[in-house]
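In what follows, a structure is listed as structure tokens, so that the remarks can point back to it.
All heavy atoms count here, side chains included; hydrogens, waters and symmetry mates do not. The structure displayed is predicted, hence computed values, not measured ones. Numbers restart at 1 for each chain; the letters A, B, ... are given by sequence-line order, proteins then strands.
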Amino acid sequence: MQRKSAILLSVTSIIFVVILFHYIGWLSLPEKWVRSLINTPSSYIFKTTNAVQGTQTFVSSKKELSERIQALESQIGSLSVDQSKLALLEDENKRLREQLNFITTSSIHSVGAEAIGRSIDPIATTIIINRGERDGIREGNPVIIGSGILVGKVISVHEASAIVQLINDTQSRVAATVLNNKEHSLGIVEGGFGIAVRLKFIPQNEEIRGGDIITTSGLEGNIPRGLLIGTIEAVERKPQEPFQEALLKPIYNLNDITVVSVLLTE
Amino acid sequence: MRTFLKTLLWICITVGIVGLHMAISFIAPFPFDTFNVIFCFLVLYILFYRSGAVVWVSFLLHYIIDLYSVSTFGVVLFAGTISALCMYWISKNIFANVSISVALGLTAIGLLLYRGIFSALLILLSVFGSTEQTQLFENRLFIIYLWEIGITSLASMFMYVIIQKYVKGKSLAL
């Protein structure tokens, strides 16, 4: 029994010494070698997986295919309407700023990156990208797709890679606003185990509806205002609760991320 | 020269096991993506080599995995190494023989210990403000852990049968 305790104590001590060396930075060189050894095959496997999964759309019958096509056509129609509404809002915004003599600058630089892996932890929904500290990326930087669809933020940075927490991760919290309701309600977008994305803490007296567009509110230091997050799919109101919640549908399929941009915000 | 080749072989095996673990989590659909290749390898190592070196093999494998984990560095490393140590002691002192049921039981116990220590450390760290794990006790997470234990245990059992019968050529003990 004494021998077992001694073994347990020595193993634990060695683990703590290694953890200490990691945080001091003495292990950064071997860790860099290990990452470069693992990242290359991981990137290849991840891209192959995405290429295979991306071509698969399972349809069980002609009727289902026809229904899907109809739903997509209807979605295209409503997205076109939303696009014109957005254009009107942009125009109004521009005129108001000109009137108030605001100086608007869009000086946020960005870095393009490829996704080379996905989380292997069941408690996290993250992706690994092939850009890191040496490219100017810092913790908290927002990660977008296209010209402004928020998919996550950087939570861990290494020299040549970084880990991005997706918006549907359980620990993800993003300050958001409802773009097209009267009150421009403010709330928090929270993820749930890589499946759900919810908008929370909307006061009961503010009206939100299915189809409303959710964007970032700009109230978080690192994340600029106006990045698209998703649209409201369903609203949940419980009379006894002070806040209502909404289930969101992300604009982009978060299981199909291959190329992203990291906004290098301060 | 022999030591150098042996070390090189172990590096290749380590990278291979980690690569396979990651590949399965990327490629396989749920619930098969919960298959823990590392624990399956550790159990087979204990059953066929009966050596305490399994602790250091586990240390190396979980160190690499911890570099890619989002939890605080050290959590996966500590949980993985200590659970490997406990599995070795259990196989030596409790499951004195080597059989299919031992493969099944050892994997299940090892993973239970691993997830238990992992969760306990995360809770401890959240108490000290180092991390937020507010939804550690969600049903979905327990379901994922159960699938992991079930699939990995069955895989260990299956791999033990294959190795025992076709590689080692011995008759099976139940």
Side-chain angles (χ1 to χ4, degrees), chain A residues 4 7-8 10-12 14-16 18-23 27 30-35 37-50 52-53 115-128 155-156 158 161 163-165 169-171 173 190-196, chain B residues 11 14-16 18-29 33-34 36 38 52 55-56 59-60 62-78 80-82 84-86 88-89 93 115 118-119 122 131-136 138-141 143-145 147-148:
Chain A
K4 282 198 174 74
I7 292 170
L8 184 64
S10 50
V11 168
T12 309
I14 291 169
I15 293 170
F16 279 124
V18 168
I19 293 169
L20 182 69
F21 284 0
H22 168 86
Y23 282 111
L27 294 174
E31 283 172 8
K32 185 180 148 189
W33 292 337
V34 168
R35 281 200 185 92
L37 203 57
I38 302 283
N39 283 351
T40 312
S42 164
S43 163
Y44 176 74
I45 294 165
F46 186 71
K47 281 178 200 168
T48 310
T49 313
N50 269 0
V52 169
Q53 286 176 349
I116 58 169
R118 207 178 284 144
S119 54
I120 48 178
D121 269 337
I123 61 166
T125 313
T126 59
I127 56 170
I128 305 164
I155 53 164
S156 174
H158 313 292
S161 62
I163 298 179
V164 175
Q165 180 186 64
D169 180 76
T170 310
Q171 304 301 320
R173 307 278 184 276
E190 288 184 7
F193 285 107
I195 302 167
Chain B
I11 290 170
T14 307
V15 172
V18 170
L20 189 61
H21 183 78
M22 284 173 133
I24 287 176
S25 75
F26 294 168
I27 295 170
D33 62 343
T34 60
N36 195 322
I38 292 172
V55 177
W56 305 113
F59 175 89
L60 192 58
H62 285 103
Y63 178 82
I64 298 173
I65 293 293
D66 214 352
L67 295 176
Y68 290 91
S69 173
V70 295
S71 46
T72 308
F73 183 84
V75 172
V76 169
L77 176 62
F78 186 85
T81 311
I82 298 299
L85 179 63
C86 295
Y88 175 67
W89 282 339
N93 301 307
R115 288 299 176 195
F118 179 77
S119 305
L122 288 180
T131 180
E132 286 177 33
Q133 295 297 338
T134 53
Q135 292 171 324
L136 207 56
E138 284 282 332
N139 283 341
R140 183 170 165 84
L141 199 57
I143 290 166
I144 291 170
Y145 289 166
W147 274 114
E148 184 186 33

Checking A:Ile128 against chain B: side chain, backbone, both or neither under 4.5 Å from a heavy atom?
side chain
In terms of ring plane angle, is the pair B:Phe73 and A:His22 parallel, tilted or perpendicular, where the classes change at 30° and 60°?
parallel
Quick one: pull up OH in B:Tyr68 and NE2 in A:His158 and give me the separation to the nearest 0.5 Å.
8.0 Å
From the list A:Ile163, A:Thr126, A:Ile38, the residue making the most non-hydrogen contacts under 4.5 Å with chain B is A:Ile38
Output all residues satisfying side-chain contact (heavy atoms from CB on, under 4.5 Å) with A:Val11, sequence neighbours left out; order by chain, then residue number.
A:Ile7, A:Ile15, B:Val55, B:Trp56, B:Thr81, B:Ile82, B:Leu85
Go through the atoms of B:Leu67 and report whether side chain, backbone, both or neither lie under 4.5 Å from a heavy atom of chain A.
both
Using every non-hydrogen atom in the two residues, find where B:Gly19 and A:Ile45 come nearest and quote the distance to one decimal.
O-CD1, 4.4 Å
When A:Val34 is tested against each of B:Ile64, B:Val15, B:Thr14 for side chain to side chain contact (heavy atoms under 4.5 Å, CB included), which residue passes?
B:Ile64
For the residue pair B:Val70 and A:Ser119, establish whether any side-chain heavy-atom pair is separated by less than 4.5 Å.
no
Cut-off 4.5 Å, heavy atoms of chain A, and the answer for B:Val18 is side chain
In terms of heavy-atom proximity below 4.5 Å to chain A, should B:Asn93 be classed as side chain, backbone, both, or neither?
side chain
With sequence neighbours left out, what residues match B:Phe78 under ring-ring contact (aromatic ring centres under 6.0 Å, His included)?
A:Phe16
Check: A:Phe46 and B:Met22 side chains under 4.5 Å, non-hydrogen atoms:
no
Is it the side chain or the backbone of A:Ile155 that comes within 4.5 Å of chain B heavy atoms, both, or neither?
side chain
Crowded around A:Tyr23 OH? As in, over 12 foreign heavy atoms under 6.0 Å?
yes
Heavy-atom closest pair, residues B:Tyr63 and A:Glu31
OH-OE2, 2.5 Å
In Å and rounded to the nearest 0.5 Å, what is the CH2 to CG distance from B:Trp89 to A:Leu8?
5.0 Å
Could you tell me which non-hydrogen atom of B:Ser69 sits nearest to which non-hydrogen atom of A:Asp121, and how far apart they are?
OG-OD2, 2.7 Å
Could you measure the distance from the NE2 atom of B:His21 to the CD1 atom of A:Ile120? Nearest 0.5 Å is fine.
4.5 Å
Bottom line for A:Ser42: the part with an atom under 4.5 Å from chain B's heavy atoms is both
Between CD1 on residue A:Ile14 and CG on residue B:Leu77, distance to nearest 0.5 Å:
11.0 Å
